Protein chains: 2
Amino acid sequence: MANTRWLDDGEMAAWTSFLEATHRVFREVEAQLRDEAGLSHPQYEVLIKLHQAGPDGLRMTELATSLITSKSGLTYQVGQLEKRGLVTRGACPTDTRGVTARITPAGSDALRAAAPGHVERVRAVLIDLLDREQLDAVTDAMTSVNSRLRQES
Amino acid sequence: MANTRWLDDGEMAAWTSFLEATHRVFREVEAQLRDEAGLSHPQYEVLIKLHQAGPDGLRMTELATSLITSKSGLTYQVGQLEKRGLVTRGACPTDTRGVTARITPAGSDALRAAAPGHVERVRAVLIDLLDREQLDAVTDAMTSVNSRLRQES
DNA sequence: ACGGCGTTGTTCAAATTCGAACTGACCTGT
DNA sequence: ACAGGTCAGTTCGAATTTGAACAACGCCGT
(Lines give C-alpha, C1' and ligand atoms only; values in the text may rest on other atoms or scores of the structure.)
Protein backbone atom coordinates (compact mmCIF):
# COMPACT_ATOMS: atom_id res chain seq x y z
CA MET A 1 0.00 0.00 0.00
CA ALA A 2 2.67 2.48 0.96
CA ASN A 3 4.59 3.77 -2.03
CA THR A 4 7.67 1.73 -2.60
CA ARG A 5 10.89 3.59 -2.11
CA TRP A 6 12.71 2.22 -5.12
CA LEU A 7 16.48 2.14 -5.16
CA ASP A 8 18.16 5.04 -6.89
CA ASP A 9 21.14 4.47 -9.16
CA GLY A 10 23.69 4.58 -6.40
CA GLU A 11 21.73 2.27 -4.16
CA MET A 12 21.13 -0.13 -6.99
CA ALA A 13 24.81 -0.13 -7.84
CA ALA A 14 25.64 -0.95 -4.25
CA TRP A 15 23.19 -3.83 -4.15
CA THR A 16 24.08 -5.36 -7.51
CA SER A 17 27.81 -5.07 -6.97
CA PHE A 18 27.39 -6.61 -3.54
CA LEU A 19 25.34 -9.45 -4.98
CA GLU A 20 27.80 -10.20 -7.72
CA ALA A 21 30.82 -9.98 -5.46
CA THR A 22 29.38 -12.30 -2.84
CA HIS A 23 28.47 -14.89 -5.46
CA ARG A 24 31.91 -14.76 -6.99
CA VAL A 25 33.79 -14.76 -3.71
CA PHE A 26 31.85 -17.65 -2.20
CA ARG A 27 32.02 -19.69 -5.37
CA GLU A 28 35.80 -19.39 -5.35
CA VAL A 29 36.26 -20.01 -1.66
CA GLU A 30 33.99 -23.03 -1.63
CA ALA A 31 35.69 -24.52 -4.66
CA GLN A 32 39.08 -24.15 -3.00
CA LEU A 33 38.01 -25.79 0.24
CA ARG A 34 36.31 -28.69 -1.50
CA ASP A 35 39.10 -29.34 -3.98
CA GLU A 36 42.09 -28.86 -1.74
CA ALA A 37 40.85 -29.64 1.75
CA GLY A 38 37.80 -31.86 1.27
CA LEU A 39 35.70 -29.59 3.43
CA SER A 40 32.61 -27.60 2.65
CA HIS A 41 32.64 -24.00 3.72
CA PRO A 42 30.02 -24.60 6.41
CA GLN A 43 32.19 -27.37 7.79
CA TYR A 44 35.24 -25.15 7.79
CA GLU A 45 33.31 -22.49 9.63
CA VAL A 46 32.21 -24.99 12.25
CA LEU A 47 35.78 -26.11 12.80
CA ILE A 48 37.00 -22.53 13.08
CA LYS A 49 34.39 -21.62 15.66
CA LEU A 50 35.08 -24.72 17.72
CA HIS A 51 38.79 -24.11 17.49
CA GLN A 52 38.32 -20.59 18.76
CA ALA A 53 36.03 -21.83 21.51
CA GLY A 54 38.76 -23.97 23.03
CA PRO A 55 38.44 -27.18 25.03
CA ASP A 56 35.04 -26.36 26.51
CA GLY A 57 33.46 -26.40 23.10
CA LEU A 58 30.17 -24.77 22.23
CA ARG A 59 26.52 -25.55 22.55
CA MET A 60 24.78 -26.40 19.32
CA THR A 61 22.57 -23.35 19.54
CA GLU A 62 25.50 -21.06 20.22
CA LEU A 63 27.19 -22.48 17.16
CA ALA A 64 24.10 -22.09 15.01
CA THR A 65 23.64 -18.52 16.14
CA SER A 66 27.22 -17.49 15.56
CA LEU A 67 27.31 -19.17 12.17
CA ILE A 68 23.98 -17.66 11.12
CA THR A 69 22.70 -21.01 9.99
CA SER A 70 19.66 -23.12 10.67
CA LYS A 71 19.58 -25.54 13.57
CA SER A 72 18.87 -28.47 11.29
CA GLY A 73 21.67 -27.54 8.95
CA LEU A 74 24.07 -27.43 11.85
CA THR A 75 22.93 -30.80 13.14
CA TYR A 76 23.68 -32.25 9.74
CA GLN A 77 27.11 -30.68 9.37
CA VAL A 78 28.23 -31.54 12.88
CA GLY A 79 27.04 -35.06 12.17
CA GLN A 80 29.23 -35.21 9.09
CA LEU A 81 32.22 -33.88 10.96
CA GLU A 82 31.62 -36.31 13.79
CA LYS A 83 31.56 -39.23 11.33
CA ARG A 84 34.98 -38.16 10.16
CA GLY A 85 36.29 -37.81 13.69
CA LEU A 86 36.92 -34.08 13.47
CA VAL A 87 34.39 -33.17 16.12
CA THR A 88 32.82 -34.81 19.15
CA ARG A 89 29.44 -34.35 20.73
CA GLY A 90 29.00 -34.50 24.46
CA ALA A 91 26.33 -33.80 27.03
CA CYS A 92 26.20 -30.28 28.35
CA PRO A 93 27.06 -30.17 32.08
CA THR A 94 24.49 -27.53 33.01
CA ASP A 95 21.57 -28.51 30.81
CA THR A 96 20.34 -32.01 30.14
CA ARG A 97 18.91 -30.94 26.82
CA GLY A 98 22.14 -29.40 25.73
CA VAL A 99 24.77 -30.84 23.43
CA THR A 100 28.31 -29.55 23.49
CA ALA A 101 30.39 -29.85 20.35
CA ARG A 102 34.17 -29.91 20.61
CA ILE A 103 36.92 -30.06 18.06
CA THR A 104 39.17 -33.13 18.21
CA PRO A 105 42.93 -33.25 17.65
CA ALA A 106 42.18 -34.66 14.21
CA GLY A 107 39.89 -31.70 13.65
CA SER A 108 42.63 -29.30 14.62
CA ASP A 109 44.96 -31.08 12.23
CA ALA A 110 42.44 -30.80 9.43
CA LEU A 111 42.10 -27.10 10.16
CA ARG A 112 45.85 -26.56 10.17
CA ALA A 113 46.11 -28.39 6.89
CA ALA A 114 43.28 -26.46 5.28
CA ALA A 115 44.05 -22.99 6.56
CA PRO A 116 46.96 -21.93 4.33
CA GLY A 117 45.17 -22.69 1.08
CA HIS A 118 42.02 -21.12 2.38
CA VAL A 119 43.71 -17.91 3.43
CA GLU A 120 45.51 -17.74 0.15
CA ARG A 121 42.25 -17.95 -1.75
CA VAL A 122 40.55 -15.44 0.50
CA ARG A 123 43.37 -13.05 -0.29
CA ALA A 124 43.12 -13.77 -3.99
CA VAL A 125 39.41 -13.12 -4.23
CA LEU A 126 38.94 -10.30 -1.76
CA ILE A 127 41.61 -9.04 0.58
CA ASP A 128 44.44 -8.51 -1.86
CA LEU A 129 42.10 -6.89 -4.38
CA LEU A 130 41.49 -3.97 -2.04
CA ASP A 131 43.79 -1.36 -0.61
CA ARG A 132 43.81 -0.63 3.08
CA GLU A 133 41.36 2.21 2.75
CA GLN A 134 38.84 0.08 0.89
CA LEU A 135 39.35 -2.71 3.36
CA ASP A 136 38.60 -0.44 6.28
CA ALA A 137 35.55 0.92 4.50
CA VAL A 138 34.23 -2.58 3.95
CA THR A 139 34.80 -3.45 7.59
CA ASP A 140 33.05 -0.28 8.67
CA ALA A 141 30.01 -0.86 6.49
CA MET A 142 29.68 -4.56 7.20
CA THR A 143 30.08 -3.95 10.92
CA SER A 144 27.26 -1.44 10.80
CA VAL A 145 25.05 -3.94 9.06
CA ASN A 146 25.91 -6.71 11.49
CA SER A 147 25.32 -4.71 14.63
CA ARG A 148 21.89 -3.70 13.42
CA LEU A 149 20.87 -7.12 12.22
CA ARG A 150 22.07 -8.79 15.39
CA GLN A 151 19.54 -6.90 17.42
CA GLU A 152 16.54 -7.72 15.27
CA SER A 153 16.77 -11.44 15.74
CA MET B 1 55.62 -24.53 0.80
CA ALA B 2 55.71 -20.77 0.61
CA ASN B 3 55.13 -19.14 3.96
CA THR B 4 51.50 -18.33 4.39
CA ARG B 5 50.72 -14.65 4.53
CA TRP B 6 48.22 -14.79 7.36
CA LEU B 7 45.61 -12.10 7.68
CA ASP B 8 46.45 -9.28 10.05
CA ASP B 9 43.81 -7.91 12.41
CA GLY B 10 42.39 -5.46 9.94
CA GLU B 11 42.23 -7.99 7.14
CA MET B 12 40.65 -10.55 9.42
CA ALA B 13 38.08 -8.03 10.54
CA ALA B 14 37.21 -7.29 6.94
CA TRP B 15 36.78 -10.95 6.10
CA THR B 16 34.79 -11.95 9.17
CA SER B 17 32.51 -8.94 9.01
CA PHE B 18 31.96 -9.59 5.32
CA LEU B 19 31.17 -13.22 6.03
CA GLU B 20 28.73 -12.45 8.79
CA ALA B 21 27.01 -9.68 6.86
CA THR B 22 26.51 -11.76 3.74
CA HIS B 23 25.04 -14.62 5.74
CA ARG B 24 22.66 -12.31 7.54
CA VAL B 25 21.65 -10.33 4.49
CA PHE B 26 20.98 -13.36 2.30
CA ARG B 27 19.15 -15.17 5.03
CA GLU B 28 16.77 -12.23 5.40
CA VAL B 29 16.31 -11.61 1.71
CA GLU B 30 15.67 -15.25 0.93
CA ALA B 31 13.19 -15.58 3.75
CA GLN B 32 11.29 -12.55 2.51
CA LEU B 33 11.08 -13.81 -1.06
CA ARG B 34 9.99 -17.28 -0.06
CA ASP B 35 7.42 -16.15 2.48
CA GLU B 36 5.91 -13.23 0.64
CA ALA B 37 6.45 -14.00 -3.02
CA GLY B 38 6.87 -17.76 -3.22
CA LEU B 39 10.12 -17.39 -5.10
CA SER B 40 13.61 -18.49 -4.24
CA HIS B 41 16.32 -15.91 -4.61
CA PRO B 42 17.86 -17.70 -7.59
CA GLN B 43 14.46 -17.67 -9.27
CA TYR B 44 14.01 -13.99 -8.59
CA GLU B 45 17.40 -13.29 -10.07
CA VAL B 46 16.52 -15.23 -13.21
CA LEU B 47 13.33 -13.26 -13.63
CA ILE B 48 15.14 -9.96 -13.13
CA LYS B 49 17.77 -10.78 -15.72
CA LEU B 50 15.20 -11.92 -18.25
CA HIS B 51 13.12 -8.85 -17.58
CA GLN B 52 16.13 -6.64 -18.20
CA ALA B 53 16.98 -8.62 -21.33
CA GLY B 54 13.67 -7.72 -22.96
CA PRO B 55 11.70 -9.67 -25.53
CA ASP B 56 14.70 -11.35 -27.14
CA GLY B 57 15.47 -13.20 -23.95
CA LEU B 58 18.83 -14.67 -23.10
CA ARG B 59 20.75 -17.80 -23.91
CA MET B 60 21.08 -20.24 -21.05
CA THR B 61 24.83 -19.84 -20.89
CA GLU B 62 24.59 -16.07 -20.84
CA LEU B 63 22.15 -16.34 -17.97
CA ALA B 64 24.35 -18.74 -16.07
CA THR B 65 27.37 -16.53 -16.54
CA SER B 66 25.65 -13.36 -15.46
CA LEU B 67 24.09 -15.04 -12.44
CA ILE B 68 27.38 -16.67 -11.42
CA THR B 69 25.71 -20.02 -11.08
CA SER B 70 26.28 -23.50 -12.45
CA LYS B 71 24.76 -24.55 -15.76
CA SER B 72 22.93 -27.45 -14.17
CA GLY B 73 21.53 -25.25 -11.44
CA LEU B 74 20.20 -22.86 -14.01
CA THR B 75 18.60 -25.64 -16.04
CA TYR B 76 16.78 -26.70 -12.92
CA GLN B 77 15.58 -23.24 -11.94
CA VAL B 78 14.45 -22.30 -15.42
CA GLY B 79 12.62 -25.62 -15.49
CA GLN B 80 10.80 -24.70 -12.30
CA LEU B 81 9.90 -21.29 -13.60
CA GLU B 82 8.72 -22.77 -16.88
CA LYS B 83 6.46 -25.20 -15.02
CA ARG B 84 4.84 -22.23 -13.37
CA GLY B 85 4.48 -20.38 -16.64
CA LEU B 86 6.75 -17.51 -15.66
CA VAL B 87 9.33 -18.25 -18.31
CA THR B 88 9.42 -19.90 -21.72
CA ARG B 89 12.16 -21.76 -23.48
CA GLY B 90 12.63 -21.47 -27.20
CA ALA B 91 15.12 -22.42 -29.83
CA CYS B 92 17.90 -19.97 -30.45
CA PRO B 93 17.71 -18.53 -33.98
CA THR B 94 21.43 -18.51 -34.60
CA ASP B 95 22.48 -21.74 -32.95
CA THR B 96 20.65 -25.04 -33.11
CA ARG B 97 22.12 -26.09 -29.79
CA GLY B 98 21.08 -22.91 -28.11
CA VAL B 99 18.08 -22.36 -25.88
CA THR B 100 16.66 -18.91 -25.39
CA ALA B 101 14.81 -18.20 -22.19
CA ARG B 102 12.23 -15.41 -22.11
CA ILE B 103 10.06 -14.01 -19.41
CA THR B 104 6.30 -14.33 -19.93
CA PRO B 105 3.63 -11.78 -19.07
CA ALA B 106 2.84 -13.92 -16.03
CA GLY B 107 6.51 -13.75 -15.12
CA SER B 108 6.48 -9.99 -15.39
CA ASP B 109 3.42 -9.92 -13.18
CA ALA B 110 5.11 -12.10 -10.60
CA LEU B 111 8.09 -9.81 -10.67
CA ARG B 112 5.97 -6.70 -10.25
CA ALA B 113 4.19 -8.34 -7.35
CA ALA B 114 7.38 -9.43 -5.66
CA ALA B 115 9.49 -6.36 -6.20
CA PRO B 116 8.13 -3.96 -3.57
CA GLY B 117 8.51 -6.38 -0.69
CA HIS B 118 11.92 -7.41 -1.93
CA VAL B 119 13.19 -3.86 -2.24
CA GLU B 120 11.84 -3.05 1.16
CA ARG B 121 13.75 -5.93 2.70
CA VAL B 122 16.91 -5.09 0.82
CA ARG B 123 16.67 -1.61 2.27
CA ALA B 124 16.01 -2.95 5.74
CA VAL B 125 19.00 -5.28 5.78
CA LEU B 126 21.57 -3.29 3.85
CA ILE B 127 20.86 -0.08 2.01
CA ASP B 128 19.13 1.88 4.74
CA LEU B 129 21.68 0.78 7.31
CA LEU B 130 24.42 2.68 5.52
CA ASP B 131 24.86 6.34 4.77
CA ARG B 132 25.69 7.52 1.30
CA GLU B 133 29.38 7.55 1.97
CA GLN B 134 29.40 3.98 3.18
CA LEU B 135 27.23 2.95 0.27
CA ASP B 136 29.64 4.45 -2.22
CA ALA B 137 32.55 2.80 -0.47
CA VAL B 138 30.85 -0.58 -0.70
CA THR B 139 30.14 -0.06 -4.38
CA ASP B 140 33.71 0.96 -4.98
CA ALA B 141 35.18 -2.04 -3.19
CA MET B 142 32.77 -4.60 -4.63
CA THR B 143 33.24 -3.22 -8.11
CA SER B 144 37.00 -3.63 -7.75
CA VAL B 145 36.51 -7.21 -6.69
CA ASN B 146 34.12 -7.97 -9.53
CA SER B 147 36.22 -6.50 -12.27
CA ARG B 148 39.19 -8.56 -11.15
CA LEU B 149 37.29 -11.77 -10.73
CA ARG B 150 35.51 -11.43 -14.05
CA GLN B 151 38.80 -11.65 -15.89
CA GLU B 152 40.03 -14.77 -14.17
CA SER B 153 37.21 -16.94 -15.38
C1' DA C 1 33.78 -32.53 -47.34
C1' DC C 2 35.66 -34.13 -43.20
C1' DG C 3 37.95 -34.95 -38.78
C1' DG C 4 39.04 -32.93 -34.36
C1' DC C 5 37.90 -30.00 -30.79
C1' DG C 6 35.38 -26.77 -28.10
C1' DT C 7 30.58 -25.42 -26.87
C1' DT C 8 25.62 -25.97 -25.46
C1' DG C 9 22.36 -27.56 -22.57
C1' DT C 10 20.54 -31.53 -20.06
C1' DT C 11 20.66 -35.49 -17.12
C1' DC C 12 22.22 -38.08 -13.32
C1' DA C 13 23.45 -39.44 -8.52
C1' DA C 14 24.93 -37.74 -4.37
C1' DA C 15 25.21 -34.31 -1.03
C1' DT C 16 23.21 -30.47 1.11
C1' DT C 17 19.68 -27.16 2.48
C1' DC C 18 15.51 -25.55 4.64
C1' DG C 19 11.41 -25.08 7.68
C1' DA C 20 8.01 -27.54 10.20
C1' DA C 21 7.00 -30.92 13.35
C1' DC C 22 8.46 -33.38 17.19
C1' DT C 23 10.50 -35.13 21.79
C1' DG C 24 12.26 -33.87 26.11
C1' DA C 25 13.72 -30.87 29.41
C1' DC C 26 13.75 -26.18 31.65
C1' DC C 27 11.20 -22.47 34.02
C1' DT C 28 7.79 -19.42 35.84
C1' DG C 29 3.79 -18.51 38.60
C1' DT C 30 0.48 -20.25 41.54
C1' DA D 1 3.82 -29.95 43.00
C1' DC D 2 2.15 -28.75 38.63
C1' DA D 3 0.39 -26.63 34.35
C1' DG D 4 1.59 -23.62 30.50
C1' DG D 5 4.92 -21.82 27.89
C1' DT D 6 9.57 -21.72 26.18
C1' DC D 7 13.82 -23.73 24.64
C1' DA D 8 17.42 -27.47 22.81
C1' DG D 9 18.31 -30.48 19.44
C1' DT D 10 16.93 -33.94 16.11
C1' DT D 11 14.22 -35.89 12.50
C1' DC D 12 11.58 -35.74 8.48
C1' DG D 13 10.30 -34.86 3.59
C1' DA D 14 10.74 -31.86 -0.11
C1' DA D 15 13.42 -28.87 -2.71
C1' DT D 16 17.74 -27.48 -4.29
C1' DT D 17 22.73 -27.64 -5.54
C1' DT D 18 26.87 -29.46 -7.42
C1' DG D 19 30.28 -31.51 -10.77
C1' DA D 20 30.82 -35.08 -13.96
C1' DA D 21 29.17 -37.49 -17.83
C1' DC D 22 26.70 -37.17 -21.98
C1' DA D 23 24.68 -36.17 -26.70
C1' DA D 24 24.32 -33.03 -30.20
C1' DC D 25 25.95 -29.22 -32.66
C1' DG D 26 29.23 -25.41 -34.41
C1' DC D 27 33.69 -24.09 -35.98
C1' DC D 28 38.14 -24.47 -38.12
C1' DG D 29 41.80 -26.09 -40.99
C1' DT D 30 43.00 -29.09 -44.38
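Small disclaimer: the values here were computed from a predicted structure and weren't measured. Below, chains carry the letters A, B, ... as their sequence lines are ordered, and counting in each starts from 1.
Side-chain atoms of Ser70(B) lie closest to dG19(D) of the nucleotides dG9(C), dT7(C), dG19(D). For Thr96(B), the side-chain atoms get nearest to dG26(D) when compared with the rest of dT10(D), dC26(C), dG26(D). Residue Val99(B) places its side chain closer to dG9(C) than to any other of dG9(C), dT16(C), dG19(D). Here the side chain of Thr61(A) is nearest to one of dG9(C), dG9(D), dT16(C), namely dG9(D). Taking every side-chain heavy atom of Tyr76(A) into account, dT16(C) is the closest of dT10(C), dT16(C), dT11(D).
The residues Asp8(B) and Arg132(A) are annotated as salt-bridged, a charged nitrogen and a carboxylate oxygen being separated by less than 4.0 angstrom.
Counting atom types as modelled, Arg97(A) pairs no side-chain N or O with a base atom of dC26(C) as donor and acceptor under 3.5 Å.
For Arg59(B), a side-chain nitrogen or oxygen approaches OP1 or OP2 of dG9(C) to under 4.0 Å. Checking the phosphate oxygens (OP1, OP2) of dA20(D), no side-chain nitrogen or oxygen of Ser72(B) falls inside 4.0 Å. Taking side-chain N and O atoms only, Gln77(A) has a distance below 4.0 Å to OP1 or OP2 of dT17(C).
DNA chain C is contacted by both Ser40(A) and Met60(B); Met60(B) maps to the nucleotide lying nearer its 5′ end (nearest heavy atom per residue). For Arg34(B) and Asp95(A), each mapped to the nucleotide of DNA chain C holding its nearest heavy atom, the one lying further toward the 5' end belongs to Arg34(B).
Thr69(A) comes within 4.0 angstrom of sugar-phosphate atoms only, judged by non-hydrogen atoms across all strands, and of no base. Counting any heavy atom pair closer than 4.0 Å across all strands shown, Gln80(B) reaches sugar-phosphate atoms only and no base atom.
Leu74(A) has its CG atom 10 Å from the P atom of dC18(C), to the nearest Å. Taking atom NZ of Lys83(A) as the reference point, atom C1' of dT16(C) lies 12 Å away to the nearest angstrom.
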Run the side-chain contact (heavy atoms from CB on, under 4.5 Å) test on Ile68(A) and Glu20(B) for me, step by step, so that the C-alpha distance in whole Å, both residues' side-chain angles and the decisive distance to 0.1 Å come before the verdict. CA-CA 7 Å; Ile68(A) 335 270; Glu20(B) 180 178 341; 4.0 Å; yes
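If you check the side chains of Ser40(B) and Glu30(B), you find no donor sitting under 3.5 Å from an acceptor.
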